[in-house]
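What's counted below: heavy atoms across the whole structure, side chains too, no hydrogens, waters or symmetry copies. A quick note: this is a predicted structure, and the numbers were derived from the prediction, not measured. Read the numbers this way: they start at 1 and go in the same order the structure lists the ligands and their atoms.
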Amino acid sequence: MKNKFRLLFTPGRKLDTDQLIFKKTVISFTVFFFMFGVALFGWMKLRQLPRDQMGTNTVIRSALNTNESIFSSILSDKHLSKSYPKSEAANPARRNGNVGMDLHKMVADFANWNMQVVKSNGDTLHITLADLKKLPKTEVVFNFKCIEGWSQITYWGGVKFADFIKAYGLEKETALKYIGLRTMDEKYYVGIDMASALHPQTILCYELNAQPLPIDQGYPLRLIIPVKYGVKHLKTIGTLVFSNDKPKDYWAERGYDYFTGL
Ligand SMILES: Nc1nc2c(c(=O)[nH]1)N[C@H]1C(S)=C(S)[C@@H](COP(=O)(O)O)O[C@H]1N2
Ligand SMILES: [Mo]
């Protein structure tokens with residue numbers, strides 16, 4: 001056996017086809033086991049690395065943050081998500097995710113529902129659905145994408161976030177880096193970079209397929225933000241805050257990318 005190997009790997013030696021095949025097989029397996037070893041070692045090292053306050057390994061998080069800076073620099077008002085004709089929209093639209101939407105508790109709460117908007121000077125505005133409906137309505141029909149791997153064309157209506165900012169004199173708040181949204185019970189929460197919030201297709205949404213939002217799709221008000229994956233389209237908004245620090249984010253705490261841009 002030893003001799004056979006020596007023979008195969010003697011430089012300049014002529015080999016027949018069987019010997020050549022055997023030699024290539026030996027090389028391939030050696031390379032395979034070596035790479036496997038490298039990958040295993042790398043994986044074990046990664047697992048030992050410190051984790052950030054969101055519980056994500058710091059190396060992976062820094063890669064995610066690099067992605068975020070690249071993608072946020074290319075996000076612009078001129079890059080709109082593709083729009084579709086209303087006739088292509090799914091009806092009924094798929095429902096997914098109900099963290100922070102404990103329906104029994106909430107149904108009782110809806111009568112007094114309002115969105116709490118915390119301003120940078122600490123004042124809190126209480127905005128009702130009727131208030132929002134007085135503002136111009138914006139409709140979006142886009143391909144809604146969930147990180148679980150499905151997508152669907154959906155048709156939504158509401159108030160453009162940028163219009164809402166103007167109507168309530170919140171321009172000063174938009175100098176901050178992020179908005180944070182939380183459900184009424186604060187069990188689901190997301191943080192969104194200001195540029196994406198102000199994108200012309202981002203709406204505070206109260207209609208799906210030209211009807212009031214179904215209860216399990218965010219009644220009375222949800223976010224629709226076509227430049228992001230589904231996780232950021234928070235249903236049943238309770239509170240809106242503005243902040244320079246990254247607001248806490250439910251799925252980022254569970255290891256997902258914070259930016260989740262499309
Ligand atoms: N309050 C709340 N909002 C949420 C979620 C959730 O679990 N709770 N899930 C998110 C996810 S992962 C997706 S894909 C969309 C699904 O919205 P839909 O039910 O209208 O399809 O809602 C997002 N908003
Ligand atoms: Mo999702």
Protein residue, atom and distance nearest to atom 21 (O) of ligand 1, heavy-atom basis =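 Residue, atom and distance for the closest contact: R94 O, 2.6 Å.
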
Region of Y229 that comes within reach of ligand 1 [heavy atoms, distance under 4.0 Å] =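 Under 4.0 Å from ligand 1, Y229 contributes no heavy atoms.
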
Give the contacting part of K235 toward ligand 1: side chain, backbone, both or neither, where contact means a heavy-atom distance below 4.0 Å.
->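 Both the backbone and the side chain of K235 come within reach of ligand 1.
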
N or O contact, [X] vs ligand 1, cut-off under 3.5 Å:
| X | result |
| --- | --- |
| R222 | yes |
| W150 | no |
| N96 | yes |
| N98 | yes |
| T183 | no |

Output the distance between atom CG (L221) and atom NZ (K133), rounded to the nearest 0.5 Å.
->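 Rounded to the nearest 0.5 Å, the CG-NZ separation comes to 10.0 Å.
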
Using modelled atom types only, decide if a donor and an acceptor are shared between the side chain of N244 and the backbone of L176 within a distance under 3.5 Å.
->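 No; judged by distance alone, with no hydrogens or angles, the pair does not exist.
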
Taking only heavy atoms of V99, which atoms of ligand 1 are found under 4.0 Å from at least one of them?
->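 Listed by number with element, the hits are 1 (N), 2 (C), 6 (C), 7 (O), 8 (N).
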
Strictly under 6.0 Å, is that where the ring centroids of H199 and F161 end up?
->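 When the ring centroids of H199 and F161 are compared, they turn out to be at least 6.0 Å apart.
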
Between D245 and K177, is there a salt bridge with N-O shorter than 4.0 Å?
->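 Result for this pair is no, no salt bridge flagged.
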
